[in-house]
Amino acid sequence: MSLEHSEQEIIRREKLKAFETQGINAYPADEYPVNAYSMDILKNFETQPESYQEVCVAGRIMSQRIMGAVSFYELQDAYGRIQVYTKRDEICPDEDKSLYNLVYKKLDIGDIIGVKGFVFITQMGEITIHVKEFTLLSKSLRPLPIVKQTEEKTYDAFTDPEQRYRMRYLDLIVNPHVKETFIQRTKIINEIRNYYNEQGYLEVETPVLQSIPGGAAARPFVTHHNALDIPLYLRIANELYLKRLIVGGFDGVYEFSRNFRNEGMDRTHNPEFTCMELYVAYKDYQWMMHSVEVLIERISVTLHTTTKIQVGDAVIDFKTPFARVSILDAIHQHTGFDVSAMNENQLRDVCNQLKIETDESMGVGKLIDEIFSETCEHHYIQPTFIMDYPIEMSPLCKRHRSNPKLTERFELMVNGKELANAYSELNDPIDQRNRFEEQLRLLEKGDDEAMYIDQDFLRALEYGMPPTSGVGIGIDRLVMFMTNSPSIQDVLLFPQMKPEKQIAVAKDEEFEKIGVSKAWIPAIRQLGIQTITDLKATSDTKLFNDLNGLRKKMKLEIDALQLDEVKSWLKNK
RNA sequence: GUUUCAGUAGCUCAGCUGGUAGAGCACAUCCCUUUUAAGGAUGGGGUCCUGGGUUCGAAUCCCAGCUGGAACACCA
């Protein structure tokens, strides 16, 4: 009897033992000479059957239909599923039918096998591998969630989000669309890489561990470097490092940056996420807008062969050019207020009229941002560049060429969400120092998102950075749009989850080892004490009282415990 | 963090006006030589998330906790 295994698991372990006694290694080391894949066979068999007379395919058994001396299994390999047909008397030509009866028929859903044979079409019209020989490649000890489907319907889909995310391997096995999403994710990243490489930009790697978490406004994760005895931060952005490289003379650099932000989690936020950042010398944000829209359109066409894609209830058209609207125009358009010339008090008044909550720490920039996100953001379903943000909101962005209160910045909004953020980068070191100092003042005012000052970055700017435009594209969100995934967890292979609680249970022998008599073990478990550690953490008198109390209550036929006995259990480590 | 919903067999779920835990798939044994969400027969399988409370009696009602989802908040 086993506490930790279900009936089905026990049966599978017994099968494993039975295979061993029959001389079958359930986990062989040998290379298996796969020479064909399910999708390839299904696609090409009818036009070139001669190529599939000796195939060797490996995969996981996903369904079994055993009909006496004949059986049909479905094998799933990396590209799909294919049916295999096995006839007892072919794999067991002699009197001894045990290879079929005691091995092949005993295989389970989830086992990984290899088959050699030829491809044919059944009476039902299904392309199938006729098995001449099979090899067990890996025995599965846990039952797989069984998902069955016809063309139009799926039965008993494995849907519990917690289990899907915690056990992504299972999700990938039984939910084929999940695999497709992650294939598309990689295609998107490859497409971006191709696009930039074609233009001669250099993919680089910059520090993830930073001593000053700069380049964005967010709370960082802190860690500690023992040898240097300093705190280090997981990067919240890589922007300042890429700009240093532009100072260093690269013309264009980009990085797919895994960023870490110690903030809330929800449908669109994960503590670690991927942002692609690109910096190109001698360009401005107008150029960058064009570059971004061309890229996004290209990704859509590569993935879907069209610029129009379904995202939730909306159809989004990524056909260039995308709409462009300044943030102040957007606010004017959606609220009727012209906030372009307003000071802090006037903006607060507008917020009150619009029933937007404000607090003391908010400056002009933040107030405008607040008005925009409350009243405008959700209107931009189709891709739209929102441009020319107020200067207070953008401490790393160059002042607007025609209005010193604004910056040359744009955000790309899609489906009411920000997808990209770009600047004509601030390269005036004196202005940059002032802006950082302004951030410092905000910090003192209580704005905990204000940026830290990176002195080395300022020094780099003082050596001179060419006019540069930079962009950050949220890769996870882009993938969400492109794959119509409603949650960021659907586009991250292993989204962050609270760790599972391990319910440790000590074996009876472990209790006996420290001197607990067998009769008392069930009573101890009854008290909710399942490990030696738990037991040792309980005071001797409490244990003594509880156990004797239990003895009385449950009328246990054991001699009453002596306190000394309890003490002896807890004595040594 | 707040609100709200959910947690029952390996999976999907029913049971929730308190009274002996159920179905389908999966699993086991048997029948079946081209089947297909195969079929037929029989059978096994449960810490009803955990801990308290109310009650003669709790999967069911109440409280607390754990985990997850959704919305909001925070945050790009």
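Labels below follow one simple rule: chain letters A, B, ... track the order of the sequence lines, proteins then strands, and each chain is numbered from 1. Remember, predicted model here, so these are calculated numbers, not experimental data.
Remark: A:Glu408 does not engage A:Lys398 in a salt bridge, criterion side-chain N to carboxylate O under 4.0 Å. The residues A:Glu14 and A:Lys106 are annotated as not salt-bridged, no charged nitrogen and carboxylate oxygen being separated by less than 4.0 angstrom. A salt bridge links A:Asp108 with A:Lys139: the distance from a Lys NZ or Arg NE/NH1/NH2 to an Asp or Glu carboxylate oxygen falls below 4.0 Å. Using a 4.0 Å cut-off between a side-chain N of Lys or Arg and a carboxylate O of Asp or Glu, A:Asp77 and A:Arg60 do not qualify as a salt bridge.
As a whole-Å value, the separation of A:Glu9 CD from B:A26 C1' is 13 Å. Atoms CG (A:Asp266) and P (B:A71) sit 8 Å apart, rounded to a whole Å. At whole-Å resolution of the value, CG in A:Asn101 and C1' in B:U29 are 14 Å apart. Atom-to-atom, CE of A:Met265 to C1' of B:U67 comes out at 13 Å; the value is rounded to the nearest Å. Here B:C27 presents its P atom at 11 Å from CG of A:Asp111, a figure rounded to the nearest Å. Atom-to-atom, NE2 of A:His378 to C1' of B:A71 comes out at 17 Å; the value is rounded to the nearest Å. Distance A:Tyr169 OH to B:G10 C1': 14 Å, rounded to the nearest Å. A:Gln496 places its CD atom 10 Å from the P atom of B:G68, with the value rounded to the nearest Å.
In this structure A:Asp369 satisfies the side-chain contact (heavy atoms from CB on, under 4.5 Å) test together with A:Met393, sequence neighbours excluded. Applying the side-chain contact (heavy atoms from CB on, under 4.5 Å) test to A:Ser140 and every residue at least two apart in sequence or in another chain returns A:Arg12, A:Asp111. Considering only residues two or more places apart in sequence or on other chains, A:Lys243 meets the side-chain contact (heavy atoms from CB on, under 4.5 Å) condition with A:Glu239, A:Tyr279, A:Leu396, A:Glu425, A:Phe457, A:Met465. Residues satisfying the ring-ring contact (aromatic ring centres under 6.0 Å, His included) test with A:Phe134, not counting sequence neighbours, are A:Tyr104.
Nearest nucleotide to the A:Arg166 side chain, out of B:G69, B:G68, B:U33: B:G68.
As rounded to the nearest Å, B:A73 and B:A14 have P atoms that lie 31 Å from one another. Taking the P atom of each, B:C31 and B:C49 are spaced 40 Å apart, rounded to whole Å. Nucleotides B:A26 and B:C11 place their P atoms 15 Å apart, quoted to the nearest Å. Comparing B:U54 with B:A28, their C1' atoms are spaced 43 Å from each other, to the whole Å. Spacing of C1' atoms, B:C62 relative to B:U2, comes out at 22 Å, to the nearest Å. Only the C1' atoms considered, B:U47 is 13 Å distant from B:A9, to the nearest whole Å. Nucleotides B:A58 and B:G19 place their P atoms 11 Å apart, quoted to the nearest Å. Comparing the C1' positions of B:U60 and B:A21 gives an interatomic distance of 12 Å, to the nearest angstrom.
Summarising the base pairing, B:C25 is matched to B:G10 through a Watson-Crick or G-U wobble pair whose two defining distances lie under 3.5 Å. In this entry B:U3 has B:A70 as its Watson-Crick or G-U wobble partner, both defining distances falling under 3.5 Å. Pair assignment for B:G18: none, as no Watson-Crick or G-U wobble contacts are both less than 3.5 Å. If you check B:G44 for Watson-Crick or wobble pairing at under 3.5 angstrom, you find it has no partner at all. When both distances must be under 3.5 Å, the Watson-Crick or G-U wobble mate of B:C61 is B:G53. In a base pair of the Watson-Crick type (N1 to N3 plus N6-O4 or O6-N4) or a G-U wobble (N1-O2 and O6-N3), with each distance short of 3.5 Å, B:U34 is matched with no nucleotide.
The residue A:Arg88 sits apart from the nucleic acid: no heavy atom pair falls under 4.0 Å. A:Arg409 comes within contact range of at least one nucleobase, with a heavy-atom separation under 4.0 Å. Across all strands, A:Lys87 comes closer than 4.0 Å to base atoms (heavy-atom distances).
Distances shorter than 4.0 Å separate some side-chain N or O of A:Arg267 from OP1 or OP2 on B:A71. At B:A9, none of the side-chain N or O atoms of A:Gln8 fall inside 4.0 Å of OP1 or OP2 (strictly under the cut-off). At least one side-chain nitrogen or oxygen of A:Lys106 sits closer than 4.0 Å to the OP1 or OP2 atom of B:U29.
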Scan nucleotides 11-16 of chain B nucleotide by nucleotide, 5' to 3', and note B when protein non-hydrogen atoms come under 4.0 Å of the base, S if they reach only the sugar-phosphate, - if neither.
SB----
Generate the contact string for nucleotides 34-41 of chain B. Rules: B means base contact, S means sugar-phosphate contact only, - means no protein heavy atom under 4.0 Å.
BBBBB---
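Nucleotides of RNA chain B nearest to A:Phe372 and A:Gln489 differ in position, and the one nearer the 5' end is that of A:Gln489. Ranked by how close their nearest RNA chain B nucleotide is to the 5' end, A:Arg477 and A:Pro161 are led by A:Pro161.
Going from atom CD1 of A:Ile41 over to atom CD1 of A:Ile82 covers 4.0 Å, rounded to the nearest 0.5 Å.
A:His130 has its side chain out of reach of A:Val119: every pair of non-hydrogen atoms, C-beta onward, lies at least 4.5 Å apart.
Aromatic rings of A:His334 and A:Tyr380 (six-membered ring for Trp) have centroids within the 6.0 Å cut-off, being under it. Between A:Phe120 and A:Phe45, the ring centre distance reaches or exceeds 6.0 Å.
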